[in-house]
Amino acid sequence: MQVPKKTQYWFSMDQPYNFIVHMMPSVEGIDYERGAQLSRQGLTFTVDNPDIEGVKFQLTRKDKLGIFAPEGVDLETIVGIVKPHLDRAAGKPVRLTPLLSPPTTVFKAEGDLEIIGNTRLAIALGRCYDLLFELNYLVSRTFRRSLDEDARMVKERLIMVRTLLLKYNPALEREELETEERKTLAISSKDLLSGGVWWEKRFIKRGLEERYQHLLSLAKELPEGQARDEVFASLTLFVEVAAKLDQKLRKLEQPG
(Lines give C-alpha, C1' and ligand atoms only; values in the text may rest on other atoms or scores of the structure.)
Protein backbone atom coordinates (compact mmCIF):
# COMPACT_ATOMS: atom_id res chain seq x y z
CA MET A 1 0.00 0.00 0.00
CA GLN A 2 1.51 3.32 -1.14
CA VAL A 3 1.33 6.05 1.50
CA PRO A 4 1.91 9.74 0.63
CA LYS A 5 5.11 11.21 2.02
CA LYS A 6 4.69 13.64 4.87
CA THR A 7 6.95 16.24 6.42
CA GLN A 8 7.03 16.82 10.16
CA TYR A 9 7.42 20.25 11.79
CA TRP A 10 7.55 21.13 15.50
CA PHE A 11 6.94 24.42 17.32
CA SER A 12 7.04 25.38 21.00
CA MET A 13 4.07 27.40 22.32
CA ASP A 14 4.09 30.15 24.92
CA GLN A 15 0.59 29.16 26.14
CA PRO A 16 -0.14 26.09 28.32
CA TYR A 17 -1.32 22.87 26.69
CA ASN A 18 -3.92 22.13 29.39
CA PHE A 19 -5.74 25.43 28.95
CA ILE A 20 -5.77 25.28 25.14
CA VAL A 21 -7.12 21.71 25.16
CA HIS A 22 -9.74 22.64 27.76
CA MET A 23 -11.02 25.44 25.51
CA MET A 24 -10.88 23.45 22.25
CA PRO A 25 -14.59 22.47 22.29
CA SER A 26 -15.56 26.14 22.01
CA VAL A 27 -13.50 26.69 18.84
CA GLU A 28 -15.30 26.07 15.55
CA GLY A 29 -13.46 24.39 12.69
CA ILE A 30 -11.35 22.03 14.78
CA ASP A 31 -12.05 18.32 14.46
CA TYR A 32 -10.92 15.66 16.93
CA GLU A 33 -12.34 12.69 18.80
CA ARG A 34 -14.52 14.47 21.36
CA GLY A 35 -15.32 12.70 24.59
CA ALA A 36 -12.45 10.24 24.23
CA GLN A 37 -9.81 9.91 26.92
CA LEU A 38 -6.71 11.89 25.93
CA SER A 39 -3.62 9.83 25.34
CA ARG A 40 -0.42 10.46 27.27
CA GLN A 41 1.05 11.91 24.09
CA GLY A 42 -1.50 14.73 23.85
CA LEU A 43 -4.31 15.77 21.51
CA THR A 44 -4.37 15.05 17.76
CA PHE A 45 -6.68 17.16 15.60
CA THR A 46 -7.36 18.53 12.12
CA VAL A 47 -8.67 21.87 10.88
CA ASP A 48 -11.68 22.02 8.58
CA ASN A 49 -10.14 23.94 5.66
CA PRO A 50 -9.69 22.68 2.07
CA ASP A 51 -6.36 24.50 1.74
CA ILE A 52 -4.72 22.18 4.28
CA GLU A 53 -6.53 18.93 3.55
CA GLY A 54 -4.55 15.94 4.79
CA VAL A 55 -2.62 17.97 7.40
CA LYS A 56 -2.75 16.69 10.97
CA PHE A 57 -1.74 18.47 14.16
CA GLN A 58 -0.66 17.26 17.60
CA LEU A 59 -0.61 19.30 20.80
CA THR A 60 1.70 17.74 23.37
CA ARG A 61 1.78 18.02 27.13
CA LYS A 62 5.18 19.72 26.80
CA ASP A 63 3.46 22.76 25.21
CA LYS A 64 4.51 21.85 21.68
CA LEU A 65 2.67 21.82 18.36
CA GLY A 66 3.45 19.12 15.81
CA ILE A 67 2.44 19.50 12.16
CA PHE A 68 2.33 16.52 9.80
CA ALA A 69 1.90 17.79 6.25
CA PRO A 70 1.69 16.04 2.87
CA GLU A 71 4.26 17.06 0.29
CA GLY A 72 3.28 20.20 -1.57
CA VAL A 73 1.40 21.89 1.27
CA ASP A 74 3.12 25.17 2.19
CA LEU A 75 4.11 25.48 5.87
CA GLU A 76 3.36 29.22 5.97
CA THR A 77 -0.17 28.53 4.74
CA ILE A 78 -0.67 25.83 7.38
CA VAL A 79 0.50 28.03 10.24
CA GLY A 80 -1.59 30.95 8.96
CA ILE A 81 -4.71 28.78 9.12
CA VAL A 82 -4.15 26.89 12.38
CA LYS A 83 -2.79 29.78 14.49
CA PRO A 84 -6.09 31.77 14.68
CA HIS A 85 -7.78 28.62 16.02
CA LEU A 86 -5.11 28.27 18.71
CA ASP A 87 -5.42 32.00 19.50
CA ARG A 88 -9.18 31.62 20.04
CA ALA A 89 -8.66 28.62 22.31
CA ALA A 90 -5.99 30.41 24.36
CA GLY A 91 -7.94 33.69 24.48
CA LYS A 92 -4.81 35.55 23.35
CA PRO A 93 -2.21 35.35 20.55
CA VAL A 94 -0.13 32.18 20.75
CA ARG A 95 3.53 32.59 19.87
CA LEU A 96 4.88 29.63 17.89
CA THR A 97 8.66 29.19 17.95
CA PRO A 98 10.13 26.73 15.40
CA LEU A 99 12.16 23.93 16.95
CA LEU A 100 15.42 22.93 15.32
CA SER A 101 14.94 20.01 12.97
CA PRO A 102 16.13 19.07 9.47
CA PRO A 103 13.94 21.16 7.08
CA THR A 104 13.66 18.30 4.61
CA THR A 105 12.94 15.50 7.07
CA VAL A 106 10.62 13.29 5.04
CA PHE A 107 9.31 9.91 6.14
CA LYS A 108 7.67 7.01 4.28
CA ALA A 109 5.61 4.26 5.90
CA GLU A 110 7.82 1.30 4.97
CA GLY A 111 8.41 -0.22 8.40
CA ASP A 112 9.73 0.77 11.81
CA LEU A 113 12.28 3.27 10.45
CA GLU A 114 9.55 5.42 8.85
CA ILE A 115 6.80 5.19 11.49
CA ILE A 116 6.24 8.82 12.27
CA GLY A 117 5.73 9.74 8.62
CA ASN A 118 2.36 8.05 8.66
CA THR A 119 0.41 10.06 11.24
CA ARG A 120 -2.26 7.41 11.56
CA LEU A 121 0.44 4.93 12.54
CA ALA A 122 1.86 7.35 15.11
CA ILE A 123 -1.59 7.81 16.68
CA ALA A 124 -2.15 4.04 16.77
CA LEU A 125 1.19 3.48 18.50
CA GLY A 126 0.35 6.08 21.13
CA ARG A 127 -2.99 4.46 21.87
CA CYS A 128 -1.40 1.03 21.84
CA TYR A 129 1.05 2.22 24.50
CA ASP A 130 -1.81 3.55 26.65
CA LEU A 131 -3.74 0.28 26.33
CA LEU A 132 -0.75 -1.84 27.35
CA PHE A 133 0.05 0.58 30.16
CA GLU A 134 -3.41 0.07 31.68
CA LEU A 135 -3.25 -3.71 31.17
CA ASN A 136 0.13 -3.77 32.88
CA TYR A 137 -1.41 -1.91 35.82
CA LEU A 138 -4.17 -4.48 36.21
CA VAL A 139 -1.94 -7.55 35.79
CA SER A 140 0.54 -6.18 38.33
CA ARG A 141 -2.26 -6.34 40.92
CA THR A 142 -3.47 -9.90 40.39
CA PHE A 143 -0.91 -11.50 42.73
CA ARG A 144 -1.56 -14.82 40.95
CA ARG A 145 1.37 -17.02 39.98
CA SER A 146 -0.59 -18.36 37.02
CA LEU A 147 -0.32 -14.92 35.44
CA ASP A 148 3.40 -14.38 36.05
CA GLU A 149 4.30 -15.23 32.45
CA ASP A 150 1.51 -13.00 31.12
CA ALA A 151 2.77 -10.13 33.27
CA ARG A 152 6.26 -10.58 31.86
CA MET A 153 5.02 -10.54 28.24
CA VAL A 154 2.89 -7.44 28.83
CA LYS A 155 5.89 -5.58 30.29
CA GLU A 156 8.13 -6.59 27.40
CA ARG A 157 5.54 -5.55 24.82
CA LEU A 158 5.04 -2.23 26.64
CA ILE A 159 8.78 -1.55 26.48
CA MET A 160 8.84 -2.24 22.72
CA VAL A 161 5.94 0.10 21.99
CA ARG A 162 7.37 2.77 24.31
CA THR A 163 10.71 2.55 22.49
CA LEU A 164 9.00 3.20 19.14
CA LEU A 165 7.25 6.26 20.55
CA LEU A 166 10.46 7.68 22.01
CA LYS A 167 12.48 7.02 18.88
CA TYR A 168 10.11 8.58 16.38
CA ASN A 169 8.30 11.29 18.32
CA PRO A 170 10.70 14.08 19.42
CA ALA A 171 8.01 15.62 21.66
CA LEU A 172 8.23 12.72 24.10
CA GLU A 173 10.87 12.17 26.76
CA ARG A 174 11.95 8.81 28.16
CA GLU A 175 12.25 10.10 31.72
CA GLU A 176 8.71 11.50 31.65
CA LEU A 177 7.16 8.22 30.48
CA GLU A 178 9.22 6.04 32.81
CA THR A 179 8.44 8.28 35.80
CA GLU A 180 4.72 8.05 35.04
CA GLU A 181 5.00 4.26 34.77
CA ARG A 182 6.77 3.92 38.11
CA LYS A 183 4.31 6.26 39.82
CA THR A 184 1.22 4.49 38.47
CA LEU A 185 2.46 0.93 38.87
CA ALA A 186 3.67 1.33 42.46
CA ILE A 187 1.80 -1.18 44.62
CA SER A 188 0.35 0.25 47.81
CA SER A 189 -0.15 -1.53 51.12
CA LYS A 190 -3.90 -1.40 50.45
CA ASP A 191 -3.39 -3.41 47.25
CA LEU A 192 -1.30 -5.97 49.10
CA LEU A 193 -3.89 -6.37 51.84
CA SER A 194 -6.80 -6.69 49.43
CA GLY A 195 -4.95 -9.21 47.29
CA GLY A 196 -6.20 -7.67 44.05
CA VAL A 197 -9.03 -5.63 42.57
CA TRP A 198 -12.49 -6.18 41.15
CA TRP A 199 -11.61 -6.61 37.49
CA GLU A 200 -15.00 -5.93 35.92
CA LYS A 201 -15.21 -2.55 37.61
CA ARG A 202 -11.65 -1.73 36.67
CA PHE A 203 -12.16 -2.56 33.00
CA ILE A 204 -15.40 -0.59 32.81
CA LYS A 205 -13.97 2.39 34.70
CA ARG A 206 -10.90 2.60 32.50
CA GLY A 207 -12.86 2.05 29.29
CA LEU A 208 -10.43 -0.58 28.09
CA GLU A 209 -12.96 -2.53 26.06
CA GLU A 210 -13.99 0.54 24.07
CA ARG A 211 -10.38 1.66 23.65
CA TYR A 212 -9.42 -1.79 22.42
CA GLN A 213 -12.18 -1.72 19.80
CA HIS A 214 -11.13 1.74 18.65
CA LEU A 215 -7.47 0.75 18.34
CA LEU A 216 -8.46 -2.39 16.44
CA SER A 217 -10.33 -0.24 13.91
CA LEU A 218 -7.27 1.99 13.51
CA ALA A 219 -4.94 -0.99 13.15
CA LYS A 220 -6.93 -2.43 10.26
CA GLU A 221 -6.20 0.72 8.24
CA LEU A 222 -2.44 0.81 8.89
CA PRO A 223 0.06 0.21 6.08
CA GLU A 224 1.86 -3.12 5.96
CA GLY A 225 5.08 -3.18 7.95
CA GLN A 226 6.79 -4.17 11.17
CA ALA A 227 5.13 -1.43 13.20
CA ARG A 228 1.67 -2.57 12.10
CA ASP A 229 2.64 -6.12 13.11
CA GLU A 230 3.70 -4.79 16.52
CA VAL A 231 0.31 -3.15 17.06
CA PHE A 232 -1.54 -6.34 16.11
CA ALA A 233 0.72 -8.43 18.36
CA SER A 234 -0.12 -6.07 21.22
CA LEU A 235 -3.85 -6.39 20.51
CA THR A 236 -3.58 -10.18 20.45
CA LEU A 237 -1.78 -10.18 23.78
CA PHE A 238 -4.40 -7.83 25.25
CA VAL A 239 -7.25 -10.19 24.28
CA GLU A 240 -5.48 -13.22 25.73
CA VAL A 241 -4.64 -11.61 29.06
CA ALA A 242 -7.87 -9.61 29.47
CA ALA A 243 -9.94 -12.78 29.04
CA LYS A 244 -8.10 -14.32 32.00
CA LEU A 245 -8.89 -11.32 34.18
CA ASP A 246 -12.55 -11.05 33.19
CA GLN A 247 -14.42 -13.85 31.43
CA LYS A 248 -16.86 -11.37 29.91
CA LEU A 249 -14.00 -10.05 27.80
CA ARG A 250 -13.68 -13.35 25.96
CA LYS A 251 -16.23 -11.95 23.53
CA LEU A 252 -13.78 -9.30 22.25
CA GLU A 253 -13.26 -9.37 18.50
CA GLN A 254 -10.04 -11.15 17.64
CA PRO A 255 -7.38 -9.03 15.85
CA GLY A 256 -6.87 -10.23 12.30
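The shown structure was predicted, so the numbers you read here are calculated from the model rather than taken from an experiment.
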Query raised in the report: Below 4.5 Å, heavy atoms only, C-beta onward: do Q254 and L235 meet side chain to side chain?
Result: no

Query - Audit row: I67, Q8, side chain to side chain contact (heavy atoms under 4.5 Å, CB included) steps and yes/no - result: CA-CA 6 Å; I67 298 176; Q8 177 186 182; over 6 Å; no

Query raised in the report: Of the non-hydrogen atoms in I52 and V73, which two are nearest, and what is the gap between them?
Result: CG2-CG1, 4.4 Å

Report summary line: Closest non-hydrogen contact found for T236 with P255 is OG1-CG, 3.2 Å

Report summary line: Closest non-hydrogen contact found for V241 with V154 is CG2-CG2, 4.1 Å

Query raised in the report: To the nearest 0.5 Å, how far apart are CD in Q15 and CG in L86?
Result: 10.0 Å

Query raised in the report: Is E221 paired with R228 through a side-chain N to carboxylate O contact shorter than 4.0 Å?
Result: no

Query - Set of salt bridge (Lys or Arg N to Asp or Glu O under 4.0 Å) partners for E76, sequence neighbours left out - result: none

Report task. Would you mind reporting whether V47 and V55 have side-chain heavy atoms less than 4.5 Å apart? Result -> no

Query raised in the report: R211 versus R127: any side-chain heavy-atom pair under 4.5 Å?
Result: no

Requested in this report: Please list all pairs passing the salt bridge (charged side-chain N to carboxylate O under 4.0 Å, His left out) test where one or both residues lie in residues 77-91, with sequence neighbours left out.
Outcome: K83-D87

Report task. Find the distance between CZ (F68) and OH (Y9) and round it off to the nearest 0.5 Å. Result -> 12.0 Å

Query - Closest heavy-atom pair and its distance - V239, E253 - result: CG2-O, 4.3 Å

Query raised in the report: What distance do E156 atom CD and L132 atom CG have between them, rounded to the nearest 0.5 Å?
Result: 12.0 Å

Requested in this report: Output yes when a side-chain donor or acceptor of Y129 lies under 3.5 Å from a complementary backbone atom of A124, and no otherwise.
Outcome: no

Query raised in the report: Out of curiosity, does L75 fall in the hydrophobic cluster containing F57 (side-chain heavy atoms, cut-off under 4.5 Å, transitive links)?
Result: yes

Query raised in the report: Can you tell me how far CZ of F45 sits from NE2 of H85, rounded to the nearest 0.5 angstrom?
Result: 9.0 Å

**Report entry** Minimum side-chain heavy-atom gap S234-V161 below 4.5 Å
**Finding:** yes

Requested in this report: Before giving the answer on side chain to side chain contact (heavy atoms under 4.5 Å, CB included), spell out for V79 and F11 the whole-Å C-alpha distance, their side-chain angles and the decisive distance to 0.1 Å.
Outcome: CA-CA 10 Å; V79 173; F11 297 82; 4.0 Å; yes

Query raised in the report: Taking side chain as C-beta onward, heavy atoms only, is S12 less than 4.5 Å from D63?
Result: no

Query raised in the report: Within a strict 4.5 Å, meaning less than it, do heavy atoms of the M13 and L59 side chains meet?
Result: yes

Query raised in the report: With D150, which residues qualify under salt bridge (Lys or Arg N to Asp or Glu O under 4.0 Å), at least two apart?
Result: K244

Query - From CD1 (I30) to CG (N49), nearest 0.5 Å - result: 12.0 Å

Query - Chi angles and distances behind the side chain to side chain contact (heavy atoms under 4.5 Å, CB included) call for F238, L215 - result: CA-CA 11 Å; F238 177 86; L215 178 56; over 6 Å; no

Report task. Give a yes or no on whether R95 atom CZ has more than 12 heavy-atom contacts from other residues, nucleotides or ligands under 6.0 Å away. Result -> no

Query raised in the report: Where do L65 and L96 land on the side chain to side chain contact (heavy atoms under 4.5 Å, CB included) test, with the steps shown first?
Result: CA-CA 8 Å; L65 171 69; L96 298 176; 4.1 Å; yes

Query raised in the report: If Ile, Leu, Val, Met, Phe, Trp and Tyr residues are connected whenever their side-chain heavy atoms lie under 4.5 Å apart, and connections chain through other members, are M160 and M153 in the same group?
Result: no

Query - E53 atom CD, over 12 foreign heavy atoms within 6.0 Å - result: no

Report task. Give the minimum heavy-atom separation between A219 and F232, together with the two atoms involved. Result -> O-CE1, 3.4 Å

Query raised in the report: Side-chain contact, heavy-atom cut-off 4.5 Å: N136 with R157?
Result: no

Query raised in the report: Which distance, rounded to the nearest 0.5 Å, do you find between the CH2 of W10 and the NZ of K64?
Result: 7.5 Å

Query raised in the report: With a 4.5 Å limit on heavy-atom distance, are the side chains of L43 and Y32 in contact?
Result: yes

